2 protein chains.
Amino acid sequence: MATIKEVAELAGVSVATVSRALNNSGYVGKASREKVERAIKLLDFYPNEVARSLYQKKSKLIGLLLPDIANPFFPLVAKGVEDKVNERGYSLILGNVQGDLEKEKEYLKIFAQNNVAGVLSAVQGNTKELNGIPIVLLDRVNNETDYAVHTDDHHGGELAAQAIVERQAKNIVIMVGPKDIPSSHDRLAGNLKVLNKARIPYQLFQTDTYQFDSAEKTAQHFLDQFPNADSVIASNDVYALAVMREAIKRGIRIPDELQIIGYDDMPFSALMFPGLSTIAQPAYEIGYKGAELLCKCIENKMIEKKRIQLPVTLIIRESLREKDEDA
Amino acid sequence: MATIKEVAELAGVSVATVSRALNNSGYVGKASREKVERAIKLLDFYPNEVARSLYQKKSKLIGLLLPDIANPFFPLVAKGVEDKVNERGYSLILGNVQGDLEKEKEYLKIFAQNNVAGVLSAVQGNTKELNGIPIVLLDRVNNETDYAVHTDDHHGGELAAQAIVERQAKNIVIMVGPKDIPSSHDRLAGNLKVLNKARIPYQLFQTDTYQFDSAEKTAQHFLDQFPNADSVIASNDVYALAVMREAIKRGIRIPDELQIIGYDDMPFSALMFPGLSTIAQPAYEIGYKGAELLCKCIENKMIEKKRIQLPVTLIIRESLREKDEDA
């Protein structure tokens, strides 16, 4: 890599002049500026980001905290984040927390040590450690943080229950998401609002994780406990698919004997038959809009809305029965 | 965040002494060292990583280049990478290239600007831009690069074809991976070695991408072109699942009328019914071992093997027929 000294020599100006030209600070004559620009081009010189970061106490890096990169929801969020921060000239430091609070703390420290300009976090954790570095929460929202992009989980819960209610449901079981994740409560509240209004009975099955590895076992317990269920509102797509697989293995016909709706709309939920009906969360958009909000914070731009709520949509595929005629 | 000056004041020593104590360079008396350590603890001081990076011309950051973070293979690789680099005190800058050569170049520049200590790349690109920064290739190997962790694609191709050959295959179609990816050739060569040896005829269907979004259309073309296929060796799990879905939609029974084997062993390939038989690539291990190799390069440790080949394994699920009795 060429150095600033080599640029100065080739341009026939002082290092200080090159530095002023690079930082757009102080006066540089037109002729000198042209010489510097030519030399930069010829030498393929680019300023060291680390030196710039130290000088400005702010890097072109953004920290991204994810709860579990193996959960296919989060790579999509990350892709949205990356596309937006790239547009604005930032890069990402990746922090995959994997449910470990200590790891989250460690990452926040690493982010601060690297002078990150801001943090995007999809982790439900402590964000007080950040000492004034702007943070935007993705998907999971808490009350300590001002800035967030999330979806309407309550409405998603309503949509899922409504889709089931309209399709000859006599024996409904709701698979409830982990208690420590606020969205689980909101989705359940949405489910119950619709079911109670329609005066349809239901049963609950509480799960304690969204981790991929537990899905198969959970599905087995679920069907052992509710062999006569004719409708399942699952906690997410992974768990819905696991129930679907286990049901088909047991000879239960989908959707005639058992209909299922998931939550998330993972790419592979469309890739099987029967395809999984689900509530689509705009994962990419959550990342993209979150990054946009963070960039505005970093660049001190006007922010109209500190909390952005994105819509969810009902996706009907083959895992649901035909609609009742009178529905 | 506390400053080094505040640490010096509280400890009652000079800033230079604190600096020497932090960097373990030069003499610091035992009493002074203890005072400094106490002050660091009391003030919760941690040295700025950016300043350290500038001074040492090498940061605690590692660049990670991925071709497509939405392809579920790569988040698993990333997880393996992250677990290993974390152990060694490094963090990752994420570069998601998304098939864009310009983006790859841009990322290599960003990595260099941030003084990364090394680069891990799962992208089949130009690695000459790196000016002496160590690089380890993941999964995809080329001849310009010394260090790589990859799997035995030729053997994987053999295993897939052998599994098909042993199961009453009369009308085999091989879905060949993109031409610009070397592993496609190796897998095909492995397929053909087995089929030719067994003197079993086959037909080829060339794909030009592994992108998720193209899978459904490709599966439709595939079954339009080969409606009588009774065995498919697919280019990867995503494309195998798309063919399976399209076949079931068309009323073709899996595996009785059409058996399918994929490649990769994605987590969701086990989560449906029929489950997808496949060749398992150790995605997490590729990341973990690659990061281990890179850390050795960075730390100038002894390296026994510059290129590490990891084994692949045949996974039998419901998408394959029963084995022939004489096989």
Side-chain angles (χ1 to χ4, degrees), chain A residues 1 46-54 57 59-61 64 68-72 74-76 78-79 82-83 86 91-96 98 103 106-107 109-115 131 212-213 215-216 238 241-242 244-249 266-268 270-275 284 318, chain B residues 1 46-54 57 59-61 64 68-72 74-76 78-79 82-83 86 91-96 98 103 106-107 109-115 131 212-213 215-216 238 241-242 244-249 266-268 270-275 284 318:
Chain A
M1 208 198 307
Y46 41 95
N48 184 287
E49 185 51 40
V50 175
R52 205 195 55 73
S53 161
L54 188 69
K57 303 255 190 268
S59 73
K60 294 297 268 182
L61 295 170
L64 174 63
D68 178 11
I69 199 172
N71 176 332
F74 295 108
L76 295 180
K79 194 175 165 187
E82 211 222 6
D83 282 353
N86 270 194
S91 303
L92 294 175
I93 302 188
L94 179 66
N96 183 39
Q98 217 66 37
K103 231 179 150 184
E106 189 56 37
Y107 268 120
K109 199 162 159 180
I110 288 169
F111 292 167
Q113 285 178 319
N114 282 286
N115 287 359
N131 273 324
F212 202 100
D213 298 340
E216 194 178 346
V238 169
L241 291 176
M244 202 149 85
R245 170 177 163 83
E246 186 61 27
I248 298 176
K249 269 177 89 172
M266 292 293 90
F268 51 80
L271 215 61
M272 59 196 53
F273 196 92
Y284 178 90
E318 299 88 1
Chain B
M1 205 199 306
Y46 42 96
N48 184 286
E49 183 52 40
V50 175
R52 205 197 54 73
S53 160
L54 188 69
K57 305 256 191 265
S59 73
K60 296 297 268 182
L61 295 170
L64 174 64
D68 178 10
I69 201 174
N71 176 333
F74 295 107
L76 295 179
K79 194 174 164 187
E82 210 221 6
D83 282 353
N86 270 194
S91 303
L92 293 176
I93 302 188
L94 179 66
N96 183 39
Q98 216 66 36
K103 230 178 150 183
E106 189 54 39
Y107 268 120
K109 200 163 160 178
I110 288 168
F111 291 168
Q113 286 178 319
N114 282 287
N115 288 359
N131 274 323
F212 203 101
D213 298 341
E216 194 178 347
V238 168
L241 291 175
M244 202 150 86
R245 170 176 164 83
E246 186 62 26
I248 300 175
K249 267 177 90 172
M266 293 293 90
F268 51 79
L271 214 61
M272 58 196 53
F273 195 93
Y284 178 91
E318 299 88 0

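Residue numbers start from 1 in every chain, and the chains themselves are labelled A, B, ... in the order their sequence lines are given, proteins ahead of strands. The structure presented is a predicted model; accordingly, all values stated were derived computationally and were not measured. The figures here come from the full heavy-atom set of this structure, side chains too, leaving out hydrogens, waters and symmetry mates.
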Decide yes or no for B:Pro72 and A:Pro72: does some side-chain heavy atom of the first lie under 4.5 Å from some side-chain heavy atom of the second? no
Looking at B:Ala215, B:Ala242, B:Pro274, which makes the most heavy-atom pairs under 4.5 Å with chain A? B:Ala242
Residue from A:Ser91, A:Pro267, A:Gly95, A:Ala78 scoring the most non-hydrogen pairs under 4.5 Å with chain B is A:Pro267
Please enumerate all residues that pass side-chain hydrogen bond (donor to acceptor under 3.5 Å, both in side chains) together with B:Gln98, with sequence neighbours excluded. B:Asp68, B:Asn96
Would you mind checking which part of B:Met244 comes under 4.5 Å of any heavy atom in chain A, side chain (CB onward), backbone (N, CA, C, O), both or neither? neither
With only heavy atoms counted, which part of B:Phe268 is less than 4.5 Å from chain A, the side chain, the backbone, both or neither? both
Would you mind telling me which of B:Lys103, B:Met266, B:Glu106 has the largest number of heavy-atom pairs within less than 4.5 Å of chain A? B:Lys103
side-chain hydrogen bond (donor to acceptor under 3.5 Å, both in side chains) involving B:Asn86 - partner list, sequence neighbours excluded: A:Tyr107
Can you check side chain to side chain contact (heavy atoms under 4.5 Å, CB included) on A:Ile93 and B:Leu92, steps first, answer last? CA-CA 6 Å; A:Ile93 302 188; B:Leu92 293 176; 5.8 Å; no
CG (A:Leu271) and CD (B:Glu246) are apart, to the nearest 0.5 Å, by 11.0 Å
Winner by heavy-atom pair count (cut-off under 4.5 Å) against chain B, out of A:Asp83, A:Ile69, A:Asp213: A:Ile69
Please rank B:Lys79, B:Glu216, B:Glu318 by heavy-atom pairs under 4.5 Å with chain A and give me the top one. B:Lys79
Minimum side-chain heavy-atom gap B:Asn114-A:Asn114 below 4.5 Å: no
Given that the side chain runs from C-beta out, which part of A:Leu94 has a heavy atom under 4.5 Å from chain B: side chain, backbone, both or neither? both
Closer than 3.5 angstrom, by distance alone: can the side chain of A:Arg245 be matched with the main-chain N or O of B:Ala270 as a donor-acceptor pair? yes
The interface call for A:Ala247 against chain B, heavy-atom contacts under 4.5 Å, is neither
